[in-house]
Structure formats: structure tokens, C-alpha cells
Amino acid sequence: MRSSKSEVVLHLVLAIGALLMIVPFVWMVLSSLKSHTEITSYPPTWLPRHWDFGNYPEALKFAPFGTYFRNSLIIATGHTVLNVALASMAGYSLARVPFRGRSALFVAMLATMMIPTYTKIVPQYLIAKAMPFFGGNDYLGRGGSGWLDSWWALIVPGALTPLAIFLFRQFYLSLPRELEEAARIDGMGEFGIYAKVMTPLIKPAIATVALITFENSWNNFLWPLIVTTRDDLRVIQVGLAAFQQSERTYWEYLMAGTTLATLPMIVLFLLTQRYFVQGFANSGIK
Amino acid sequence: MTGPMTTTAVRRTETAVAEAAPAKPPRRGRRLGWERRRAAVLMVAPAVILLTWWIGIPTIASLVLAFTHYDVLAGTISWAGLGNFRDIFADPIWNRSIWHTVVYTFFTVPVAMAIAVAIAVLLNSKLRGRAWYRAAYFLPHITATVAIALVWMWMFEPNIGLFNAVLGQVGIQGPAWLSDPAWAMPAVIVVSVWKGIGLKMLIYLAALQSIPPELYEAADVDGATPRRKFFAITLPLLRPATFFVFIVSLIDSFQVFEQVYVLTPDGGPANATTVMTLEIYRSAFGKFDMSRACAQSMVLFVFLLVLTVISRRLTGKDSDAEL
């Protein structure tokens with residue numbers, strides 16, 4: 001079919017392109033392993049002359065990247081669990097049970113998917129700040145800081161995404177009706193059918209939604225940036241940005257920090273590529 | 001897409017429920033139906049509450065706040081009419097930020113799309129190591145923009161960074177990149193193109209796989225060249241995907257924030273990289289002028305809405321299948 005010569009050219013073009021895509025990652029890791037004198041000398045070296053793994057513990061001492069890392073992990077895990085649980089219930093309900101106003105509800109949820117981040121970010125912040133009975137607020141949400149600088153603000157507002165509901169609904173729609181009917185004849189309730197019969201059948205969808213949620217949450221920056229000022233509540237991305245602004249010269253620590261921040265996602269992606277690809281190709285929306 | 005299908009499914013399920021309990025027809029059937037509906041409403045309720053609270057209300061509130069003067073610290077609010085809009089359009093920095101957003105979009109979206117479609121076509125053949133190539137191109141999309149932007153910032157470092165070192169090897173004195181008004185925006189654009197290729201490529205790849213191979217076989221019989229096949233078959237059939245990628249990229253591009261904020265925290269040298277989102281962020285969380293920020297975000301929203309409508313018109317009906 002294809003001549004071997006054109007295949008070599010094809011591989012060459014694709015390989016050069018792929019190399020350009022991963023050079024920044026390689027440069028990041030190599031930089032994180034160079035000593036301070038080597039990283040600040042000109043011309044730069046490709047491979048470290050002396051592999052300085054000590055930059056990692058030093059970076060952790062320099063800025064609390066360990067705490068940031070832990071915070072991001074808690075939030076991303078929380079978002080993933082909540083989003084899978086709440087969105088799958090909603091998706092099931094919208095896909096399989098007829099009730100009044102269901103179509104209108106579904107259209108409304110699709111509409112929320114189209115609303116840009118910046119249209120809602122300011123009122124979201126104001127709502128978090130005015131949450132009644134939290135952070136010294138009175139019952140009208142006045143006086144205190146509400147959910148600002150708290151785990152509530154970091155976890156609750158981003159816990160559910162319309163995209164996840166949409167994806168789950170599509171998967172539930174594809175299941176055969178006979179299954180739920182059989183379960184219903186056996187006297188199973190609607191929630192039982194959802195939890196024990198239908199949801200176990202859409203495990204790939206769960207994996208897809210879970211991974212996309214985890215990735216988005218781990219990489220999120222703007223919302224945690226505006227709702228937290230406390231160092232012990234910072235997430236890894238905000239911590240990195242703050243480190244860069246205060247300690248401009250310590251590139252080796254900064255690169256160690258970014259390596260720590262990107263490595264979990266890279267590993268997760270390489271291990272579960274199939275689900276990521278499926279999710280992004282199916283939805284295309286982020 | 002889902003409308004007619006859903007209604008049929010609904011009707012079918014209802015009949016099925018009625019048929020499932022033929023012994024005590026009307027009462028039991030209705031009771032069962034009621035219990036199901038109650039369960040379903042309870043299951044969808046958390047989602048409805050959360051989305052109303054965190055997306056519905058904020059969207060409406062943003063629209064209302066844009067026409068008011070709201071003082072966060074004093075807690076006072078008064079009607080402003082079009083005052084905020086007059087103010088922001090009298091501000092040269094806001095007007096420049098609109099222009100910068102347009103320039104940024106003009107350079108990132110088409111370039112990344114062209115590269116993405118080329119890679120997708122190349123990757124669509126049965127090739128050894130396909131999955132590895134795909135992973136490499138997609139990796140930037142998966143990783144955090146902030147972390148990535150920091151790495152690029154390090155590569156753009158004027159004295160000891162990778163770029164100027166490589167340029168130095170061929171005898172070119174590289175610019176100061178991020179602190180040079182002429183080069184800051186191009187530098188941000190390079191990062192965005194690099195990061196944006198993966199997702200676009202993936203959507204194109206999915207679209208390419210739905211093109212029936214018979215078309216290419218027929219073209220082979222007619223003796224068509226690869227170039228002719230690309231322009232006569234591939235590209236026209238990729239139109240819905242192209243529309244989709246274009247809209248999604250446009251909307252993303254108009255909302256670019258993180259790479260700009262990290263690479264050039266103050267909007268670059270002499271506001272050279274100040275985009276609309278950065279101005280909104282500054283109004284809200286720098287000046288704490290929430291009304292001004294809402295007015296600016298409404299302008300951004302209108303831009304996105306108009307762009308979506310126009311491109312829908314231009315591409316016609318065949319694009320509906322994708323959305």
C-alpha cells in the first residue's frame with residue numbers, strides 16, 4: 001500500500017513534531033536536577049553535569065509544596081467523588097425516568113454548559129463571601145468572610161459539572177431497557193436499579209468522567225486563587241505561581257516544584273490514556 | 001439531537017411500565033410510576049440545586065450587577081444604568097485589552113487548527129507507535145497551564161534560558177521575550193499554540209475515523225493524488241468537526257487567562273499582553289470594583305455569543321450534528 005520511503009518521511013515528521021511537544025517537559029525535569037551554579041551559568045547544558053536530586057527536598061523546605069500538593073489531592077479527590085456520584089444520579093434520572101419538565105430541565109443544563117467562566121466568576125465569589133452563618137457572617141451573609149479561605153469554597157462550587165451530567169446521560173441512554181424492567185419486576189426500587197443494575201454497566205463512563213474531573217480540578221487555578229489567601233489552603237498551581245513571583249532566581253527549585261505538580265497528571269494520563277481520549281473525543285468540550 | 005429520541009424513549013418506557021404489571025392494571029401502574037418519578041426527582045435535585053446556586057444565579061447576578069454601582073466594602077448598591085459601560089469604553093487599557101484578545105485569537109486559533117488537522121491526517125494511517133505519538137501531542141493539554149507556563153517562562157529567560165541559548169548557537173542575539181513589548185505577545189501565543197494542538201488534533205482524529213474508507217478507494221480507482229484526496233474528500237467531510245473545533249477554540253481563546261497571568265503577571269511590559277480576562281480580574285480583585293468587572297464580563301459574553309451565532313450561520317445546518 002504505502003511505500004517504505006514515504007513511511008520513513010511520515011515517521012520523521014511526526015517524531016520531530018512529537019519531540020517539540022515534549023521538549024518543555026524534558027527541559028523541566030533536567031533543570032530540576034541541576035545545581036544552582038550550573039543552572040545560572042551560560043551557555044546552558046542539556047544534561048546536568050552533576051545530578052542534583054537534593055533540589056527536591058530543598059524545594060519542599062523552601063516553600064510548602066508538600067502542603068500544596070496535599071491540598072490539591074484532597075480537593076481533586078473530593079471533586080471526583082462528588083461529581084461522579086451527583087452527576088451520575090442526575091444523568092440517570094434525565095436519561096431513564098420520564099417526569100414532568102424533564103426535557104426543559106435537560107435543555108437548561110445544556111445551557112449552563114455554554115456559560116463562560118468569566119460571566120459568573122464575580123457573583124460566585126460574592127456568593128461564597130456572603131454565605132450565611134459561615135466565617136462570622138450573620139443570617140443575611142453580612143459581616144464576615146463567609147466561605148472565603150475555607151475548604152467549603154474550594155470544594156463545593158466546583159463539585160458538579162454539567163458536562164459530567166451530559167456524558168452520564170448519554171451513556172445511560174445507550175443501555176437496554178430490558179435490564180431495568182427485569183429488575184423492576186423483581187421489586188427493585190428506582191435507586192436500586194440505578195445503583196445496582198445500571199451504573200455497574202457504565203464503568204468506562206465513570207472512569208472517563210472521574211479522570212476528566214480529577215484533571216480539571218488538579219489543574220484549576222483561578223477559583224482557588226481568588227477564594228484563598230491562607231498559605232495552608234493553597235493548592236499546588238497557586239503555590240507555584242506565588243513562588244515564582246517571590247523567588248525569581250531559584251529556577252531549580254521552581255522546576256522541581258513544577259515537576260511535582262505535573263508528574264501525577266502525566267503518569268495518570270499515560271496509564272489511562274484510553275479513557276481520556278474517549279472522554280475528550282466524545283465531548284470535545286472542556 | 002436528543003429531542004425526538006427522548007420523547008420516543010419516554011413513551012416506550014411508560015408503555016413498558018404499564019405492561020409490566022398487567023394483573024392490577026391502573027392503580028398499581030400509576031403508583032409505580034409515581035414512585036419512580038419521585039425517586040428520579042430526588043436524584044436530580046442535588047444537581048439542580050448546585051447548578052442553580054453556582055451557575056444560574058451568578059449568571060443573572062452578573063447581568064444585573066453590570067448596571068449597578070456595587071460597593072463591596074460598604075455593602076451599598078445603586079442603579080447605574082449604562083454608566084459602567086460608558087466608563088469601561090472610555091478606558092484606553094480596556095479597549096486595548098479587547099484588541100489584544102482579538103490579535104491573540106487571530107494568531108492562535110487558525111495556526112493551532114492547521115497544525116492539528118495536519119497531524120491528525122498523518123496520524124490517521126495505520127502506523128507503528130501511533131498511540132505514543134498521540135500521547136505526546138496530547139500531553140500539553142492534560143498538564144496544568146500554570147505549571148506549563150512556568151516552564152516556558154524559564155525557557156524564555158533572556159540570559160540563561162533555552163531559547164536564547166539555541167539562538168545564540170546560530171549567532172542570533174535573542175530578544176528579552178517576556179519583558180520586551182514587541183515580543184511578549186508572540187511568546188504567549190507560542191505557548192498557547194503549543195498547548196492547544198492536542199485537543200484539536202484529537203477531535204479531528206475522531207472525525208477522520210468516521211469518514212467511510214470507500215470514498216478513498218473510489219478516489220484511488222479514479223487515480224486521485226493524495227493532495228487531491230485531501231482537498232476533495234477529507235477537508236469537506238471534516239467541515240462539521242472544523243466548525244466545532246473553531247467554536248470551542250474561539251471561546252477558549254477569548255477566555256485566555258492563566259498563561260497570560262503567569263508569563264506576564266502585570267499584563268506584560270506596557271500592557272502589551274493585557275487581555276480582556278486580565279482586566280476583568282484586575283477590576284474585580286485588584287480594584288474590588290465588582291460592577292465594573294461584571295460590565296466587562298458582559299462585553300466578553302456578548303463577544304462570545306455573537307461569534308457563536310455568526311459561525312453557526314456561516315457553516316449552515318450540517319454543523320448541528322456536532323453540537
Side-chain angles (χ1 to χ4, degrees), chain A residues 10 13-14 17-18 21-22 24 27-28 31 40 42-44 86 89-90 92-94 97-99 103 112 115-120 122-124 157 160 162 165 177 181 184-185 189-191 215 219 221-222 226 237 240-241 244-245 251 254 258 261-262 265 269-270 273 277 280-281 284-285, chain B residues 6 10 13-14 16 20 36-37 39-41 43-44 46-47 50-51 54-55 58-59 61-62 75 119 122 133 135-137 139-140 142-147 150-152 154-155 159-160 162 165 199 202-203 206 244 248 251 255 257-258 262 265 277 280 284-285 290 293-294 297 300-301 304:
Chain A
L10 189 60
V13 172
L14 284 171
M21 297 308 274
I22 60 171
W27 192 244
M28 167 183 82
S31 301
T40 49
Y42 187 90
L86 298 177
M89 281 200 295
Y92 174 83
S93 180
L94 290 171
V97 191
F99 58 85
S103 312
T112 60
I115 294 168
T117 313
Y118 287 85
T119 309
K120 55 200 190 217
V122 170
Q124 279 177 339
L160 182 77
I165 300 175
R177 214 170 55 248
E181 279 162 18
R184 200 162 290 129
I185 290 165
E190 199 60 37
F191 192 81
E215 184 243 346
N219 294 346
F221 175 68
L222 182 61
I226 63 180
Q237 312 300 346
L240 282 173
Q244 169 262 319
Q245 278 163 15
W251 287 108
L254 188 56
T258 43
T262 46
M265 280 321 305
F269 169 64
L270 291 177
Q273 239 203 87
V277 169
F280 283 106
I285 309 158
Chain B
T6 319
V10 171
T13 333
E14 269 166 356
R36 279 186 75 196
R37 284 198 291 273
V41 169
M43 280 160 84
V44 83
L50 274 171
L51 293 184
W54 292 107
I55 299 181
T59 305
S62 197
I119 295 165
L122 294 182
Y133 286 129
Y137 289 104
L139 209 51
I142 289 295
T143 37
T145 311
V146 171
L150 288 169
V151 175
W152 280 85
W154 165 223
M155 297 200 298
N159 300 315
I160 47 176
L162 181 62
L199 182 63
L202 204 63
I203 299 172
F244 183 65
V248 171
I251 291 173
Q255 295 198 82
F257 176 76
E258 290 169 16
V262 173
T277 55
I280 296 173
F285 306 105
M290 299 299 171
C294 285
S297 73
L300 176 60
F301 186 50
L304 295 176

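Order of the sequence lines sets the chain letters (A, B, ...), proteins ahead of strands, with each chain counted from 1.
- Options L300(B), L162(B), I119(B) differ in how many heavy-atom pairs under 4.5 Å they form with chain A, and the most are formed by L162(B).
- Judged purely by atom type and a 3.5 angstrom limit, T262(A) has no side-chain atom pairing as donor or acceptor with the backbone of T143(B).
- In terms of non-hydrogen atom pairs under 4.5 Å with chain B, the most contact-rich of I165(A), V13(A), L160(A) is L160(A).
- Nearest heavy atom pair, residue M89(A) against residue M43(B), reads CB-O, 3.6 Å.
- Taken to the nearest 0.5 Å, the NZ atom of K120(A) stands 10.0 Å off from the CZ atom of F301(B).
- When all heavy atoms of S62(B) and P123(A) are compared, the closest pair comes out as N-CG, 3.6 Å.
- To the nearest 0.5 Å, the span separating CD1 on I22(A) from CG on L139(B) amounts to 8.0 Å.
- At a 4.5 Å heavy-atom cutoff, the contact between Y118(A) and chain B is made by backbone and side-chain atoms alike.
- From E215(A), atom CD reaches atom CD1 of I142(B) across 4.5 Å, with rounding to the nearest 0.5 Å.
- Taking chain B as the reference chain and counting heavy-atom pairs below 4.5 Å, the highest number among A90(A), P157(A), P43(A), G189(A) is found for P157(A).
- Counting heavy-atom pairs under 4.5 Å between each of T59(B), I280(B), V41(B) and chain A puts T59(B) at the top.
- Residue I226(A) touches chain B through its side chain alone, counting heavy-atom pairs closer than 4.5 Å.
- In terms of non-hydrogen atom pairs under 4.5 Å with chain B, the most contact-rich of T258(A), T119(A), T112(A) is T119(A).
- By the side-chain hydrogen bond (donor to acceptor under 3.5 Å, both in side chains) test, S31(A) is found to be paired with W154(B), residues two or more places apart in sequence or in another chain being considered.
- In this structure, P44(A) and I160(B) approach most closely via the heavy-atom pair CG-O, 3.9 Å.
- Residue with the most contacts toward chain A among A165(B), A61(B), A135(B): A135(B) (heavy-atom pairs, distance under 4.5 Å).
- For the pair V151(B) and M28(A), the tightest heavy-atom approach, listed with the atom from each and the gap, is CG2-SD, 3.6 Å.
- Of the listed residues (L50(B), L150(B), L304(B)), the one with the most heavy-atom contacts under 4.5 Å to chain A is L150(B).
- Nearest heavy-atom pair, V122(A) versus M290(B), reported as atom, atom and distance to 0.1 Å: CG1-SD, 3.4 Å.
- With contacts defined as side-chain heavy-atom distances shorter than 4.5 Å, the pair R184(A)/R36(B) qualifies.
- Heavy-atom distances place both the backbone and the side chain of Y137(B) under 4.5 Å from chain A.
- Among residues two or more places apart in sequence or in another chain, the side-chain hydrogen bond (donor to acceptor under 3.5 Å, both in side chains) test is passed with Q255(B) by none.
- Nearest heavy-atom pair, M21(A) versus P140(B), reported as atom, atom and distance to 0.1 Å: CE-CG, 3.7 Å.
- To the nearest 0.5 angstrom, L122(B) atom CG is 5.0 Å from L14(A) atom CG.
- For the atom pair CG of L222(A) and OG1 of T145(B), the computed distance is 11.5 Å after rounding to the nearest 0.5 Å.
- Contacts of Q124(A) with chain B are made by both backbone and side-chain atoms, with heavy-atom separations under 4.5 Å.
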